[in-house]
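The structure appears below as structure tokens.
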Amino acid sequence: MASIFTKIIKGEIPSYKIAEDDRFFAFLDINPLGEGHTLVVPKEEIDYIFDLNAEVLADMMVFAQKIAKAIKEVIPCNRIGVSVIGLEVPHAHIHLVPINTLGDINFSKSRPQISKEVFEDLSQKISQKVIL
Ligand code: AMP
């Protein structure tokens, strides 16, 4: 069965899209640690990130770099933190999280409520800044 991220990539379920190319897709995390928290996924559905082909893994990080630069232009922050968890969704993904302190990338913390309007605004503003 296709993963929820494959369904997002195929447009079968909605997402707040940031960008895509032929191999990767970026969209806002629906339950974010904070505004701008974005997921970068390979279109190829592989569960564990370190099972990806080495070239795909390297290129995924370069794609993530372009997304991170765009997020940083929109969200005031010290830097974009990077994390890989993968315990919830069995489709490899990189979390990009705007951070100022270590606590901002604590996945155990309670998540802020973000309205549909704010998600839409963030996705529009960040996607406009992406240069692939
Ligand atoms: P993990 O697999 O532990 O790295 O966590 C998966 C992440 O995917 C969580 O931060 C979820 O909030 C996020 N997530 C799950 N379903 C969706 C969805 N439909 N759209 C956007 N983000 C999602």
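Counting starts at 1 for both ligands and their atoms, following the listed order. Values in this document were obtained by computation on a predicted structure and should not be read as measured data.
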Between the main-chain N or O of S3 and the side-chain N or O of E45, is there a donor-acceptor pair closer than 3.5 Å?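 Yes: the side chain of E45 pairs with the backbone of S3.
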What atoms of ligand 1 come within less than 4.0 Å of a heavy atom belonging to [X]?
X   : result
F27 : 20 (N), 21 (C), 22 (N)
I4  : 19 (N)
L28 : 21 (C)
L39 : 8 (O), 13 (C), 22 (N)

Lys/Arg N to Asp/Glu carboxylate O, K125 vs E73, below 4.0 Å: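 Answer for the salt bridge query: no.
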L87 N/O to ligand 1 N/O under 3.5 Å: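 Yes, L87 has an N/O under 3.5 Å of an N/O on ligand 1.
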For [atom], the protein heavy atom that lies nearest, with its residue and separation:
atom                    : value
atom 15 (C) of ligand 1 : E88 OE2, 3.6 Å
atom 22 (N) of ligand 1 : I30 N, 3.1 Å
atom 10 (O) of ligand 1 : D29 OD2, 2.5 Å

[X] near ligand 1, heavy-atom distance under 4.0 Å?
X   : answer
I8  : yes
H93 : yes
S15 : no
Y16 : no

Do the ring centers of [X] and [Y] come within less than 6.0 Å of each other?
X    : Y   : value
F119 : Y16 : yes
H93  : H91 : no
F25  : F5  : no

V84 contact mode with ligand 1 (heavy-atom cut-off under 4.0 Å):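 Contact part for V84 vs ligand 1: neither.
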Ligand 1 versus F5, non-hydrogen atoms closer than 4.0 Å: side chain, backbone, both, neither?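 Answer for F5: side chain.
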Applying the 4.5 Å side-chain criterion to the ILVMFWY set and letting contacts propagate, would I4 and I30 be lumped into a single cluster?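 As far as the 4.5 Å side-chain criterion goes, I30 and I4 are not connected within one cluster.
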Tell me whether F27 shares a hydrophobic cluster with L96, the cluster being built from Ile, Leu, Val, Met, Phe, Trp, Tyr side chains joined at under 4.5 Å.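 Different clusters: F27 never reaches L96 through Ile, Leu, Val, Met, Phe, Trp or Tyr contacts under 4.5 Å.
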Just one of I75, N78, I105 clears the side-chain contact (heavy atoms from CB on, under 4.5 Å) bar with P98, so which one?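 When side-chain contact (heavy atoms from CB on, under 4.5 Å) is applied between P98 and each of I75, N78, I105, only I75 qualifies.
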Determine the minimum heavy-atom distance between P42 and A92, stating which atoms define it.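 In terms of heavy atoms, the two residues are closest at CD-O, 3.1 Å.
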